[in-house]
Amino acid sequence: MNKFIAPSLLAADFGNLQRDIEMINKSDADWFHIDVMDGVFVPNISFGMPVIKAIKKHAKKTMDVHLMIVDPDRFIGDFKNVGADILTVHYEACPHLHRTVQAIKAQGMKAGVSLNPHTPIAVLEDIIADLDLVLIMSVNPGFGGQSFIENTYKKVAQLKSLIEFSGSNALIEVDGGVTDENIEELSNAGVDAFVAGNFVFKSKNPLKTISELKKLATG
Ligand code: DX5
Ligand code: ZN
């Protein structure tokens, strides 16, 4: 089974963004995780299209875009245009989730759905077959550097059985507070993709940290 490491650029040095992107290009990381926050769905604002476009100019790996915004349907075409490969929306922000997921796929992107820590896996029962990825938030979205919520393990196990039961091909991604202390257990529980922000970018040697995470995840 492939395991994907997705460093979150939210924790990068925005004054040296190209340097940090090149570091990820040459690292063992698999994806660029890009957090878009609107100050409405979450109590923080990150960055928008011009910055993503600039990232895409240098990034040589999959662009995994995580939308923490209300009414994401308005921008699906724009995110395609600035280079998103995977586009993940929040279940809590989409009253017509089926339509949103189809619209993402119609643009040729992989479609992901994210769940906040309090949202049960069971809400995905009737959409799981259509999804390419489910992103389980292991912190409350809005900020990097928070502590991992332990209840995530239970949700990963529940999601794994839902995926197996439904025959879905969805990947399981976990986002928030991922470190060398929990990545192995998450991987064993069935997580495919691991977002890591602060643990990578605030470490002394991000290249080495990424390699270590990849090794721990791969087993
Ligand atoms: C939180 C974001 C995360 C965040 C993770 O709202 O979705 O992607 O950057 O950061 P760490 O790994 O520092 O918890
Ligand atoms: Zn994220």
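For ligands, and for the atoms within them, numbers begin at 1 and follow the listed sequence. The structure displayed is predicted, hence computed values, not measured ones.
Of all the atoms in ligand 1, the ones that sit under 4.0 Å from a non-hydrogen atom of Val195 are 8 (O). For ligand 1 and Leu10, the ligand atoms under 4.0 Å from any heavy atom of the residue are 9 (O). For ligand 1, the atoms closer than 4.0 angstrom to any heavy atom of Pro141 are 6 (O). When each atom of ligand 1 is checked for a heavy atom of Asn198 under 4.0 Å away, the hits are 11 (P), 12 (O), 13 (O). Taking every non-hydrogen atom of His33 and a distance limit under 4.0 Å, the qualifying atoms of ligand 1 come out as 8 (O). With ligand atoms numbered from 1 in the order given, ligand 1 contributes 2 (C), 3 (C), 4 (C), 7 (O), 8 (O), 9 (O) to contacts under 4.0 Å with heavy atoms of Asp35. Atoms of ligand 1 lying under 4.0 Å from any heavy atom of Met37, numbered from 1 in the order shown and given with element: 6 (O). The contact set between ligand 1 and Gly144, taken as ligand atoms under 4.0 Å from a residue heavy atom, comprises 10 (O), 13 (O).
Between Phe148 and Tyr153, the distance separating the two ring centers is shorter than 6.0 angstrom.
Looking at His66, its N, O or S atom nearest to the Zn ion (ligand 2) turns out to be ND1. In terms of distance to the Zn ion (ligand 2), the nearest N, O or S atom of Asp35 is named OD1. Within Asp175, OD2 is the N, O or S atom that lies nearest to the Zn ion (ligand 2). In His33, the N, O or S atom that comes nearest to the Zn ion (ligand 2) is NE2.
Considering backbone and side-chain atoms alike, Asn140 places every N or O at 3.5 Å or more from each N or O of ligand 1. No N or O atom of Met68 sits closer than 3.5 Å to an N or O atom of ligand 1. Checking only distances, Ala196 never comes within under 3.5 Å of ligand 1, N or O to N or O.
No donor-acceptor distance shorter than 3.5 angstrom exists from the side chain of Asn116 to the backbone of Thr119, with no hydrogens or angles considered. A donor-acceptor pair under 3.5 Å is formed between the side chain of Asn182 and the backbone N or O of Thr179. Using a distance-only test at 3.5 Å, with no hydrogens or angles considered, a donor-acceptor pair links the side chain of Ser138 to the main chain of Asp175. The main-chain N or O of Leu10 is never found under 3.5 Å from a side-chain atom of Asp35 such that the two would form a donor-acceptor pair. Looking only at distances, a side-chain donor or acceptor of Lys61 sits under 3.5 Å from a matching main-chain atom of Asn25.
In terms of protein heavy-atom proximity, atom 14 (O) of ligand 1 is nearest to Gly177 N, 2.8 Å. Looking only at heavy atoms of the protein, atom 3 (C) of ligand 1 is closest to Asp175 OD1, 2.9 Å. Of the protein's heavy atoms, Gly197 N, 2.7 Å lies nearest to atom 12 (O) of ligand 1. Scanning the protein for heavy atoms near atom 9 (O) of ligand 1, the closest one is Ser8 OG, 2.9 Å.
For Arg19 and Asp13, the salt-bridge test passes: some basic side-chain N is under 4.0 Å from an acidic carboxylate O. For the pair Lys214 and Asp30, the salt-bridge criterion is met [side-chain N within less than 4.0 Å of a carboxylate O].
For Gly142, the heavy-atom gap to ligand 1 drops under 4.0 angstrom. Taking a 4.0 Å cut-off on heavy atoms, Phe143 registers as neighbouring ligand 1.
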Kindly indicate, with the supporting measurements, whether the criterion side chain to side chain donor-acceptor pair (under 3.5 Å) is fulfilled by Thr62 and Asp85. CA-CA 6 Å; Thr62 296; Asp85 298 300; 4.7 Å; no
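By the 30° and 60° cut-offs, the orientation of the rings of His66 relative to His90 is parallel. Using cut-offs of 30° and 60° on the angle between ring planes, the pair Phe4 and Trp31 is parallel.
Heavy-atom neighbours of Glu22 CD from other residues, nucleotides or ligands within 6.0 Å: above the threshold of 12.
Of the candidates Val51, Leu87, Ile45, Val65, Val65 is the only one forming a side-chain contact (heavy atoms from CB on, under 4.5 Å) with Val36.
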